Amino acid sequence: MRFTQALIRTSKEAPADASGTSHVLLTRAGMIRKVGAGIYDYLPLGLRVLRKIEGIVRAEMSAAGALEVLLPALLPAEYFQETGRYTGFGDTLLRLKDRKGAEYHLGPTHEEIITDLVRREVKSYRELPLNLYQVQTKFRDEARPRAGLLRCREFLMKDAYSFDVDEAGAKASYEKMRVAYNRIFTRLGLDYRMVSADSGAMGGSTSAEFQVLTQSGEDAIAVSDGSDYAANLEVAAAADPRASPPAREAPLARERVHTPGHGTIEDIARFLKTEPSRFLKSLVYLAVRAEASADPERHGGVETVMVVVRGDHEVNEIKLARALGAAEVFLANPQAVEDATGARVGFAGPVGFKGKIIVDRDAAVVARGVTGANETDHHLVNVEHGRDYDGEVADVRNVVDGDASPDGAGRLKIYRGIEAGHIFILGTHYSAKMGATYLGEDGLAHPIVMGCYGIGVSRLVATAVEQHHDEDGISWPMPIAPYHVHLVTLGMDEAILAAGRTLEAELVAKGVEVLWDDRDERPGVKFKDADLLGVPLRVTLGGKGLASGVVELKRRSDRSKAFDALPIATAADEIARRVREALG
RNA sequence: CGGGGCGUAGCGCAGCCUGGUAGCGCACCUGGUUCGGGACCAGGGAGUCGGAGGUUCAAAUCCUCUCGCCCCGACCA
């Protein structure tokens, strides 16, 4: 492809409303343009990247035995009404009416639609298992679209659904997808981790996220440096401190100290000349009991709980809710804290607290602890769990960088990640509600056991940029690059242009995708654009090189100025070889 | 949905406070000189000042309403 015919419009500056590295670079490179909040055009170069990603996803899904279908994006309301999600999805569902006033919505995901298809097409256990997938535009009226392609209202997603006769079959289908997903993300050239995650309210205990490691992801994930343990921070387990207990300091007598005006931990630590890790941070939570969650006011299923974590740790609300068997937990407001403790916020503590107490495992082993006295302007020092206060001990904190890995091997490092894929077993949640059954060998109808598997295809375009860029621009992994080779000819000298034409033709004949910058621009402009666009191999053909019979080959990811001088006669062979090598 | 900010040429911005009929840089077009890391000179085209209403002799500027966009938070099968 000739640059002059490719509709590539680069710019030095990005629009002021572009936020995030990938949004800025993709816009500056002329690959995407914003049409509205969370709505984008893909220009030719950007579309090529999107298509490359789709191609890899399709190839691996197909290799794993999944069949491609295409379900509608425009959906009559009745299907989501069957499972209660027409209202349950809330404002995220983009609803509309047709001329007759009938209700429709745009599909945010397609469990109901695929389940409907399968309940009509599949009758017998002989027709299972089945795995159907599609690559379709999804619509979600996000409360807050942001960061360009990373969180859109309209986005491209690959979603697959497996259908099996029983749990064991569903597990086998899930395993196939797990393997396929690992192959996909590896082929895309991304540094990613498969992590265990909160499966959410949707049910299904078996689930895994595929997180692409970036500097600015929305999610925090904990990864062990000594094993393959990796988990979303939401669910990452803290190592049990009793596995390697610290040298125990002899307990001292508990004392009450006057700490006027000091409410924060840093403050009191300085005042008492001690460390935040000595503190028993005591937070008052309201836990909504699971069975009462639909309407807590009416059922009154709310319990006040004091949560104790070490002063340098944070409460993990998902783990806390799980430990309490609660549907949701909320931090109590200041008035509720005062009511519960009898002291102003900042002076709460477990000693003498009348209600339920949950103690984080690391807080329970703190010796000579410091905590609030449940009396304004007073703290207690030399507090010991088991002697001065009690409470159920559980893992309710966020892990922090440097923690021991819960599997005992290595230490945890915290990364930022972008969720690019999620796989999980749904069970019979949808099939039971929608009557998707098969006739078994026993002649009876059974609900089909389902799994679902998503990949954010358009999000991956931005994710790849977040992971592969430098101050000059994008640096695409070869498998998803818009072109394999960026040919730069310097000057408009006919001898150089002729050599360019020849080299382009030779490369194309070998199956190499070439973008030839044939513009009448100065070298600096061409090099800057090449760096911005991020095609992985740059081939330069200039007067000096031509005179000595060589072309220059340089990898975009190589930050040095060094290049390989290739003899013109054999350059195409060598370049094609490097492309094949990089494609893996 | 709560808080904050911004809408002026394709893009980045100034002008607004203190009303007098719109300007700079980049990009674009023409000519010339340049030519291995975003050149220079000269000339040129391009703007319903987000929209509606109001105040005024006069509104980008002041007032009211409204729409859009961005950021932080809440939310995120």
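Because the structure is a prediction, the values reported are computed rather than measured. We name chains A, B, ... by the order of the sequence lines, and we start the count at 1 in each one. These numbers come from the heavy atoms of this one structure, side chains and all, not from hydrogens, waters or symmetry mates.
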For A:Asp531, all residues meeting side chain to side chain contact (heavy atoms under 4.5 Å, CB included), sequence neighbours excluded: A:Asp472, A:Arg538, A:Arg556
Between B:G19 and B:U61 - C1' atom distance, rounded Å: 6 Å
B:C65 to B:C11 separation - P atoms, rounded to the nearest Å: 29 Å
Base-pairing assignment for B:C16 (Watson-Crick or G-U wobble, both under 3.5 Å): none
Sugar-phosphate, base or nothing in reach of A:Met492, heavy atoms under 4.0 Å: nothing
B/S/- contact track for nucleotides 36-50 of chain B, protein heavy atom under 4.0 Å: BBBB-----------
Distances under 3.5 Å between nitrogen or oxygen atoms of protein and nucleotides 69-71 of chain B:
{"unit_1": "B:C69", "atom_1": "OP1", "unit_2": "A:Ala37", "atom_2": "N", "d": "3.1"}
{"unit_1": "B:C69", "atom_1": "O3'", "unit_2": "A:Lys34", "atom_2": "NZ", "d": "2.8"}
{"unit_1": "B:C69", "atom_1": "O2'", "unit_2": "A:Asp17", "atom_2": "OD2", "d": "3.3"}
{"unit_1": "B:C69", "atom_1": "O2'", "unit_2": "A:Lys34", "atom_2": "NZ", "d": "3.4"}
{"unit_1": "B:C71", "atom_1": "OP1", "unit_2": "A:Ser19", "atom_2": "OG", "d": "2.4"}

Counterpart residues, ring pair (Phe, Tyr, Trp, His ring centres under 6.0 Å), relative to A:Tyr192 (two or more places apart): A:Phe185
Non-neighbouring partners of A:Gln81 that pass side chain to side chain contact (heavy atoms under 4.5 Å, CB included), sequence neighbours left out: A:Ala77, A:Glu78, A:Tyr86
Residue pairs fulfilling salt bridge (charged side-chain N to carboxylate O under 4.0 Å, His left out) with at least one residue in residues 15-41 of chain A, sequence neighbours excluded: A:Asp17-A:Lys34
Partner residues of A:Glu504 under the side-chain hydrogen bond (donor to acceptor under 3.5 Å, both in side chains) criterion, sequence neighbours left out: A:Arg2
Euclidean distance, atom CD of residue A:Glu234 to atom P of B:C76 [Å, nearest integer]: 10 Å
Partner set under ring pair (Phe, Tyr, Trp, His ring centres under 6.0 Å) for A:Tyr453, not counting sequence neighbours: none
Who pairs with B:G37 - Watson-Crick or G-U, where each distance is under 3.5 Å: none
A:Arg140 (side chain) and B:A77 (base): donor-acceptor pair under 3.5 Å: yes
Ring pair (Phe, Tyr, Trp, His ring centres under 6.0 Å) partners for A:His313, two or more places apart: none
Partners meeting salt bridge (charged side-chain N to carboxylate O under 4.0 Å, His left out) with A:Asp517 (sequence neighbours left out): A:Arg519
Non-neighbouring partners of A:Arg151 that pass salt bridge (charged side-chain N to carboxylate O under 4.0 Å, His left out), sequence neighbours left out: A:Glu142, A:Glu218
Separation of B:A77 P from A:His422 NE2 (nearest whole Å): 9 Å
Contact state string [nucleotides 4-10 of chain B, B base, S sugar-phosphate only, - no protein heavy atom under 4.0 Å]: -------
Validation row, ring centre A:His110 to ring centre A:Tyr79 under 6.0 Å: no
